[in-house]
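Proteins come first, then strands; the chains are lettered A, B, ... in the order of their sequence lines, and each starts at number 1.
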Number of protein chains: 2
Amino acid sequence: MPAPTPAPGETKARRRAGRPMASVLNQDGITAAALELVSKKGYDGLTMAALARSLGVAPSALYNHVSSKDEVLKLVEEDLMSKVDFGGFSTLPWEDAVRQWAYSYRGIFARHTPLISVIAVLPVTDAPQTLAMYEAVTEGFLQAGFPEKQIIPCIVALEAYIFGAAFDANAPADIFDSGRLADSTPHFTSAVRSLGPERNNYPSDLAFSMGLDALIAGLGALRV
Amino acid sequence: MPAPTPAPGETKARRRAGRPMASVLNQDGITAAALELVSKKGYDGLTMAALARSLGVAPSALYNHVSSKDEVLKLVEEDLMSKVDFGGFSTLPWEDAVRQWAYSYRGIFARHTPLISVIAVLPVTDAPQTLAMYEAVTEGFLQAGFPEKQIIPCIVALEAYIFGAAFDANAPADIFDSGRLADSTPHFTSAVRSLGPERNNYPSDLAFSMGLDALIAGLGALRV
DNA sequence: GAGATAAATGAACGTCATTCATTTATTGGT
DNA sequence: ACCAATAAATGAATGACGTTCATTTATCTC
C-alpha cells in the first residue's frame, strides 16, 4: 500500500474551520498535577490512571496532550530544573556559586531520584529550563577563567557527582550494617562504627560536602 | 480467628521426615540466567516470564527460590560486585588503586544502570561480595594513612561519583544538542562546539577522568 | 445551522509481577 | 513395602499498569 501522503501540493493540512471542545487539560496542568501526586504518593503513585483521576478526567484523555508517561516525566523534570538555584554564578565567587548550585541541585533531585535515570540520558533539545541552567553555569565558568574546552567536561563531572549523591541522600541509616558478616570485614566495620557512638550513622551529607570540596578544588585548578 | 501458632512448645517445626523433589533450580542458576538474559536483551528483556523460559520452567517456579524480582536484581548486583577490580589496594599506591577501582566499577555498572537505583539504597547486610569490596577498599585507605573517621565518607563520595558517571557513559552523543534554542544559549552552545570539529561530541570519558583526578587529589589531602 | 475540528470517553488489549490450590517427585520412618 | 512428610513445579487466575481506538461531545467558523 502507498504511503498516506497528506494531500498533494500541501505540506500541512489547511486549517479551514472549526475549533475544538474547550479543553480542561494542558501540559502545564498535567505537570502540576503530576508534581503534586508525586509529592503526596511518591513515584509509585504516579500512574496515568491516578494522574487522570486527580485531574477529573479519563486516563485516555491524557494522551491528547502527552504522547506517553515518559513525556510526563520529562515535563516534571523541566519544571524541577527551573527550581535549581544557579543565581550565584552571576554574583558570587566561582567556588561559592558551584557550591550553592550543587546543594540546590542535589536537594531537589534527592526527592526525585526516579527521574535521574531519565534525565542523565535525555537530550537537552527543547528543554528550555535545563538549557537556561547550563547557559548560566557556562557563563559562570567562563567568567571564572576556565578555558572554553574544559567547561563541558567540568559540568558533566559535577553533575555526575550530584546525581550520584542524590541517590545517596535516600539511603537508609543502616545501609552499612554488615550484620552476620561483621567478623569477616573488621576494618570496614570498625570504620563504620567510628562515625559515631550511635550505630548505623550514614554520612551522606558529610560525604557530599567532602567530595564537593575536593571537586571544586581540583577542577578550580584548571582556571588560567 | 486465632493466629496460626506453629505448635506450642516448639519454636520451629520439627524436621521429621521427607525430602523435596530434585530441584532443577537454585539461586546461582537463576542469577546466571538473569545475567545472560540481560546481556542479550537488556533490562527490558529481564522479565520473570523470560527468565523462567530460559530456565525451562514455569514463572511461578521461580518464587520457590526468590521472593521477588527485586531479589533477582539483588543477586545480579552481588555477582557484578564480585567482578569489580579492587586488587590495586594491596599492591599499588593509593592514587593508582583508587583509579583502577573506579574505572572498573564504572565500566561494569555503566552496562547495568537500572541496578544503580537499587544498589545505592540497598543495605550491604548479607551481601558478601559487596562487603568484601568495602573491606579491601577500607584497608587500602587505612594503609594510605587516612584517619579512620574519614574513610567511609570518602568511599561514599567516590561511589556517588562513580554511579553518576555510569549513567553518563550511556548518554547519547547528541545529548547537548541545543537545537532550536541554540541562539538563546550562546555560551553553552559555543562551549559544546569547542569540544571538537564534529558536532555532538559527548565527553563522558574525559569528564570522568577529570573529575576522578580532582577527587583523588582533594580526598588524598586528608591523609596524615 | 452545517460541517469541521479537537477533546474526552469507555471499552478494550497486551504485558507484567505475583498468588494459590494442586500435582509431582523424593525421602525417611515404621 | 508402604505411608507420611516435604518441597518443587505447575497452571490458572488476579490485579496493576500503559496504551490504543472507535465513538461521542463540545466548540468554533463559514
Side-chain angles (χ1 to χ4, degrees), chain A residues 4 6-7 10 12-31 33-34 37-38 40-77 114-115 117-118, chain B residues 1 4 6-7 10 12-31 33-34 37-38 41-77 114-115 117-118:
Chain A
E10 297 184 327
K12 278 189 178 181
R14 271 183 286 166
R15 310 256 153 228
R16 256 188 289 184
R19 292 249 181 99
M21 185 172 153
S23 171
V24 216
L25 246 43
N26 56 59
Q27 291 202 341
D28 285 353
I30 291 174
T31 307
L37 197 51
V38 165
K40 283 188 182 163
K41 313 269 185 180
Y43 276 86
D44 285 350
L46 179 57
T47 68
M48 295 302 269
L51 187 52
R53 190 154 36 82
S54 80
L55 287 160
V57 122
S60 52
L62 296 171
Y63 289 86
N64 288 317
H65 304 270
V66 295
S67 64
S68 65
K69 184 179 180 180
D70 251 49
E71 189 171 347
V72 174
L73 296 180
K74 286 186 204 175
L75 292 171
V76 170
E77 182 240 322
L115 287 182
S117 9
V118 180
Chain B
M1 63 181 79
E10 297 185 326
K12 277 189 178 182
R14 270 184 285 163
R15 308 258 154 226
R16 257 188 288 183
R19 291 251 180 96
M21 186 171 151
S23 171
V24 212
L25 247 42
N26 56 58
Q27 290 202 341
D28 284 352
I30 291 174
T31 307
L37 197 50
V38 163
K41 313 269 185 181
Y43 277 87
D44 285 351
L46 179 57
T47 68
M48 294 302 270
L51 188 53
R53 188 154 39 81
S54 81
L55 288 160
V57 121
S60 52
L62 297 171
Y63 289 87
N64 288 317
H65 304 270
V66 296
S67 64
S68 66
K69 184 178 180 180
D70 251 49
E71 189 171 347
V72 174
L73 295 180
K74 286 186 204 175
L75 291 171
V76 171
E77 183 239 322
L115 287 182
S117 9
V118 180

Applying salt bridge (charged side-chain N to carboxylate O under 4.0 Å, His left out), name anything that partners A:Lys40, two or more places apart in sequence or on another chain. A:Glu36

Pair up each side-chain donor or acceptor in residues 45-55 of chain B with any protein partner under 3.5 Å, not counting sequence neighbours, and list the distances.
residue	atom	partner	partner atom	Å
B:Thr47	OG1	B:Ala50	N	2.9
B:Ser54	OG	B:Leu51	O	2.9

Between CG of B:Leu55 and C1' of D:dA9 the distance, given in whole Å, is 13 Å

Spacing of B:Met48 atom CE relative to C:dA17 atom C1', expressed in whole Å: 7 Å

For B:Gln27, side chain to side chain donor-acceptor pair (under 3.5 Å) partners two or more places apart: B:Glu71

Suppose the criterion is ring-ring contact (aromatic ring centres under 6.0 Å, His included): which pairs have a residue in residues 48-70 of chain B, not counting sequence neighbours? none

Of the candidates C:dA17, D:dA9, D:dG18, the side chain of B:His65 sits closest to D:dA9

Integer-rounded Å distance: D:dA8 P and B:Ile30 CD1: 11 Å

Using a cut-off of under 3.5 Å, enumerate the N/O to N/O pairs linking the protein to nucleotides 9-11 of chain C.
residue	atom	partner	partner atom	Å
C:dT9	OP2	A:Ala58	N	2.7
C:dG10	N7	A:Ser60	OG	3.2
C:dG10	O6	A:Ser60	OG	2.5

Nearest-Å distance, CZ (B:Arg53) to P (D:dA9)? 18 Å

B:Asp28 meets the side-chain contact (heavy atoms from CB on, under 4.5 Å) criterion, sequence neighbours left out, with B:Asn26

Roughly how many Å is it from CG in B:Leu25 to C1' in D:dA8, rounded to a whole number? 9 Å

Take the protein atom CG of B:Leu51 and the nucleotide atom C1' of C:dC16, then report the distance between them rounded to whole Å. 14 Å

Tell me what B:Leu46 touches on the nucleic acid: a base, only sugar-phosphate, or nothing, going by heavy atoms under 4.0 Å. sugar-phosphate

Does a side-chain heavy-atom distance below 4.5 Å link A:Tyr43 with A:Leu73? yes

